[in-house]
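This report concerns only the one structure given below.
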Amino acid sequence: MVILTVDQAKQWMIESQKKLVEHKEQLTTLDQAIGDGDHGINMARGFSEVVDKIEGTEYDTVADVLKSAAMTLTAKVGGASGPLYGTAFLKMAVSLQGKEVTAEAFVDAVDAGLEGIQTRGKAEFGEKTLFDVWYQVAAFLHSEPYDTWEGILEVCQAIIEDTREMVALRGRASYLKERSKGHIDPGSMSSFYIFQAFVDVLEWEKA
Amino acid sequence: MVILTVDQAKQWMIESQKKLVEHKEQLTTLDQAIGDGDHGINMARGFSEVVDKIEGTEYDTVADVLKSAAMTLTAKVGGASGPLYGTAFLKMAVSLQGKEVTAEAFVDAVDAGLEGIQTRGKAEFGEKTLFDVWYQVAAFLHSEPYDTWEGILEVCQAIIEDTREMVALRGRASYLKERSKGHIDPGSMSSFYIFQAFVDVLEWEKA
Amino acid sequence: MKKVVNHPDKVVQDMLDGFVKAHHTSMKRIPDTTVIIRQEAPISGKVGLVSGGGSGHEPAHAGYVGKGMLDAAVVGEVFTSPTPDQVLEAIKAVDSGAGVLLIIKNYTGDVMNFEMAAELAEAEGITVDKVIVNDDVAVEDSTFTTGRRGIAGTVLVHRVAGAVAETGASLAEVKQAAEKVVRNVRSMGLALTACTVPAAGKPSFTLHDNEIEIGTGIHGEPGIERVPLQTAEEMSERLVEKILADKDYTNSEVAIMINGMGATPEMELYIVYREVERLLHKHGIAVYRAWVGEYMTSLEMAGFSVTLLAVDHEIKQALSTPVETIAFR
Amino acid sequence: MKKVVNHPDKVVQDMLDGFVKAHHTSMKRIPDTTVIIRQEAPISGKVGLVSGGGSGHEPAHAGYVGKGMLDAAVVGEVFTSPTPDQVLEAIKAVDSGAGVLLIIKNYTGDVMNFEMAAELAEAEGITVDKVIVNDDVAVEDSTFTTGRRGIAGTVLVHRVAGAVAETGASLAEVKQAAEKVVRNVRSMGLALTACTVPAAGKPSFTLHDNEIEIGTGIHGEPGIERVPLQTAEEMSERLVEKILADKDYTNSEVAIMINGMGATPEMELYIVYREVERLLHKHGIAVYRAWVGEYMTSLEMAGFSVTLLAVDHEIKQALSTPVETIAFR
Ligand SMILES: Nc1ncnc2c1ncn2[C@@H]1O[C@H](COP(=O)(O)OP(=O)(O)O)[C@@H](O)[C@H]1O
Ligand SMILES: Nc1ncnc2c1ncn2[C@@H]1O[C@H](COP(=O)(O)OP(=O)(O)O)[C@@H](O)[C@H]1O
Ligand SMILES: [Mg+2]
Ligand SMILES: [Mg+2]
Ligand SMILES: [Mg+2]
Ligand SMILES: [Mg+2]
């Protein structure tokens, strides 16, 4: 069964943008605590550009939508999150190339995105980066039956909370060492919004 | 009758220094309101140097004490007040050269100081500068019998209050034009302390 | 937020616009990019030098474009690494066939974006190599983590690599010279106040009136320790001792950079220089040359960093060649 | 008060100490004075150029000592004119027999102290002349009052007079060139925040978060008007229009200086440059050359000033001669 159409994929990006813009200040505040205070700005800027690009373009496949998003994120976000999200979406696009987006295909795509993030950023699980969220989402998708996509939300929320107690070992927050404890990782939070948008969009089709 | 001995002249400088150091912050605050906030610092620095110089030196005449003070003030105060007080004391010294300091001689010296201030700074009465205080003191000394030196204090207090309502036409405060109203002129205030020290010192001898 | 801006989202574009207008005789902007290049780029036979990073560090990096230093500076959003496509444009614009060296400050974002650009450029047949500057001893150097950051010492890497490139040296030689500087340069900074990213609208952290933050980065990141305000001598000593603990400069000759973070009066930087030189002399370290001023700032942050570079004959030679940039002499 | 100092009363001495140590190859201090002179002074046959003023305006004035600019800078206490004896030492040290020109900013204190020094020097048989710079249009020019202040435009007077002096011109010729600049230069500034004189320990005035002060001087003096925070474009327009109302630069060619007051990021200064250039073009005014940076500061004040100088052949010629100073190119 196709779970994500081209229109839904576009809508996924639009919903992501809405959430990221809405939570721009929250993300920036998180990044001010343990980073350089631009994560909300970066994500809002990047996804707004994605929406601008996507809304005016016709796409044949979901892979094309995601590839377009990947290129835009890479070119417009910058910082650490730009290449990471750019790579994640690009690898997802490659994984979905020439396929219908079934549940299985999507899980494969998340795996590919996860791998892309790791290749680019060299993070391991538990180092307090957005990799942690992708890792847990992938793990969940491999462990659960595919009709409970909403479960992603709980998984994300749990791991986001877990990042609070982690000592950062990658990215800017790692400079703080022990002092990075007690704060949620901003990139994990933005990844949550993207997955939340994904879950919303699956519903959206039904509505 | 000699009203000021060499020791008294030295003491005059010492008392002036004490008052100026004690009111350093007040003078600086006055100068922050309508100038550049250094008048207290300048005067405290200058008179402390005068005292350093004077305490370690033997003088034959009051004129020598005042000349020494004048040179030190000129070399250590800077800003507008340095040359003005330097010139005032120098002209007083010149006026007292080879004389005992009788009441008459002192009044002549104040006249000479006043003239020096005007030559150097080109101020007229009512332009909201220390010239105003010297002008009024000189006028008082010409109008009153000389045994009421304390009268100087009232005269000073009155003119200081008058400067509050004046619009500054000389010095840094003049840049504020109408906005210079409502604030006492810092240089007038420091001149008051110097004359107050003078009056104190006349008493000091009696004590 | 009190800033002289038109709109927080327009600061980079407006700044670049002003920059190329003010310096149009020596500098130009590649159209539709945030890349500033030398008017005469690409220079035939010369290795191209590209650096850059987030904006907000002015005069870094565009102020270092010119003879004896960089060929191009790639400008990102405030405190945000520029994107690969922009870096690629810079590489293409300065490559004369002799190859291009990327000088990258060691931040996850910068490294990833510049590396992606390098991959793209190689795919287009351009030879690209890189050096990663990591002079900030406030951060522990460890292979398990991100490692030390690149801060003001980067400017001296630009300078030496630029001087060597100007001689017509090969890409390998230029890279070697740059890496020698990286090995021999150490820095550390502190902040008296935080700074405000225009689009964020509020300061990145807050310090009490009597508190300073030791070991801050150049992006308003919090540092490693918060201590009460100290004298210039004590602050200088703190940074110098930490640098010397990381690298032993005893009996060497050094170049010094006292770098203001943005809001610190030059008066205070010279006071720091006085203290730093005294401390170094105590350690038997001789001073070859000094730069005191704003070289790698963090918007309007108050504070400063100290950079030491051990110099040998080759580095001294490079530092004494002509240099024509907006911000470095 | 958050400053990098050892003691508020020592800032000038410590700074001078650091300055001459950092720049000992090109600069020296006359022993026991606050005077910085060119290493090679006095220069045979050349008119000596002396300027100075209170400290706290760094890089003014010591940063302008060198070939093509000043021979000596006399440094006063923070925001306080130096004293006649110090100025006299400078005059004596740079006079080679060709006479000395004093470049004085128009403040009561500066004028009186420099004039007293000139009287003392003349008494010692040295020919001394002076120019008084009064470029600040925030202040009304009136013969009944102190008149306009000297601010950032002073740097361009140093530069042109310095270039002309370097050619071996006579004292009268150098003075004439300096006076031409004075006649043709106008400036005006504004402040976003006040500054704190170290010995005073508290800010010279206070501004609300959304207030700026138009027409501030360079000593933390209050300005002429307090208005709500505006965009860079509006602020630039305000200053430019006020300058053009004072002197009509229409159809002339101008040199521009956008001067930061101390804490304003260079990013913002370039945004201002963009706006100023646009405004000037609207008025048919062409730009010959631009300087953007910190040239005449007020400690850590945030804000900027705009300076316009109408240039003719002679001034352009002077501005394009070699200049070797710490702070000006
Ligand atoms: N090496 C890495 N691998 C995975 N994620 C990373 C890595 N480094 C940083 N991140 C993520 O990037 C986020 C910060 O992104 P952002 O603030 O946009 O970039 P920058 O740190 O360059 O300012 C962090 O919260 C973290 O989740
Ligand atoms: N032209 C002048 N004639 C007489 N007094 C003056 C003149 N200009 C300034 N003053 C006096 O000097 C005082 C300021 O002194 P100070 O703050 O030490 O110098 P500056 O203004 O250079 O900072 C003013 O309050 C005023 O009384
Ligand atoms: Mg960030
Ligand atoms: Mg004053
Ligand atoms: Mg960033
Ligand atoms: Mg003063």
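Values reported hereafter were calculated over all heavy atoms of this structure, with side chains retained and with hydrogens, waters and symmetry mates removed.
The greatest number of non-hydrogen atom pairs below 4.5 Å with chain C, out of D:Asp209, D:Leu16, D:Leu190, is found for D:Asp209. The candidate from C:Ala22, C:Pro198, C:Ala327 with the greatest count of non-hydrogen atom pairs under 4.5 Å with chain D is C:Ala22. When D:Val5, D:Thr231, D:Asn6 are compared by the number of non-hydrogen pairs under 4.5 Å with chain C, D:Asn6 comes out ahead. The residue among C:Gly56, C:Pro265, C:Ser298 with the most heavy atom pairs within less than 4.5 Å of chain D is C:Pro265. Among C:Glu211, C:Glu266, C:Gln230, the residue making the largest number of heavy-atom pairs under 4.5 Å with chain D is C:Glu266. Between chain D and the residues C:Met1, C:Glu294, C:Glu58, the largest count of heavy-atom pairs under 4.5 Å involves C:Glu58. Listed options C:Met15, C:Lys10, C:Lys2 were ranked by heavy-atom pairs under 4.5 angstrom with chain D; first place goes to C:Lys2. Counting heavy-atom pairs under 4.5 Å between each of D:Lys21, D:Glu300, D:Arg289 and chain C puts D:Lys21 at the top.
Of all non-hydrogen atoms in C:Ile256 and C:Tyr273, the two that sit nearest each other are CD1-CE1, 3.7 Å.
The aromatic rings of C:Tyr295 and C:Tyr64 sit parallel, their planes meeting at an angle under 30°, below the 60° perpendicular limit.
With rounding to the nearest 0.5 angstrom, the OG1 atom of D:Thr154 is 6.0 Å from the NE2 atom of D:His61. Between C:Glu253 atom CD and C:Ile285 atom CD1 the span is 11.5 Å, to the nearest 0.5 Å.
For D:Ser204 (side chain) and D:Cys195 (main-chain N/O), a donor-acceptor pair under 3.5 Å exists by modelled atom type. A donor-acceptor pair under 3.5 Å links the side-chain atoms of C:Glu268 to the main chain of D:Val4, judged by distance alone. A donor-acceptor pair is defined here as one N or O able to donate and one able to accept, closer than 3.5 Å; such a pair exists between the side chain of D:His57 and the backbone of D:Thr297. Although no hydrogens or angles enter the test, the distance criterion places no donor-acceptor pair under 3.5 Å between the side chain of C:Glu275 and the main chain of C:Ala232.
Note on D:Arg238 versus D:Glu225: salt bridge recorded, some NZ/NE/NH1/NH2 to OD/OE distance being below 4.0 Å. A salt bridge is absent between D:Arg329 and C:Glu324; no separation between the charged side-chain nitrogens and carboxylate oxygens falls under 4.0 Å.
Only the side chain of C:Val292 comes within contact range of chain D, with heavy atoms under 4.5 Å apart. Heavy atoms of C:Ala302 lying under 4.5 Å from chain D are absent altogether. In this structure, chain D has no heavy atom under 4.5 Å from any part of C:Met301. For chain D, the nearby part of C:Leu229 is the side chain; its heavy atoms alone come within less than 4.5 Å. Heavy atoms closer than 4.5 Å to chain C are found nowhere in D:Leu269, neither backbone nor side chain. At a 4.5 Å heavy-atom cutoff, C:Glu234 makes no contact with chain D through either its backbone or its side chain. Looking at C:Met235, the atoms closer than 4.5 Å to chain D (heavy atoms on both sides) all sit in the side chain, from C-beta outward. Of the two parts of C:Arg278, only the side chain, counted from C-beta on, holds a non-hydrogen atom closer than 4.5 Å to a non-hydrogen atom of chain D. Contact annotation for C:Ile258: neither backbone nor side-chain heavy atoms come within less than 4.5 Å of a heavy atom of chain D. If you measure heavy-atom distances from D:Val11 to chain C, the contacts under 4.5 Å come from both the backbone and the side chain. Contact of C:Val20 with chain D is not made at all, since no heavy-atom distance falls under 4.5 Å. With a 4.5 angstrom heavy-atom cutoff, D:Gln13 does not touch chain C via any of its atoms. Heavy atoms of D:Val78 lying under 4.5 Å from chain C belong exclusively to its side chain.
Inspection of the D:Arg159 and D:Thr321 side chains reveals an N or O donor paired with an N or O acceptor under 3.5 Å. A donor and an acceptor atom, one from each side chain of C:Tyr270 and D:His23, are located under 3.5 Å apart. Using a 3.5 Å distance cut-off with no hydrogens or angles, the side chains of D:Glu233 and C:His7 do not pair a donor with an acceptor.
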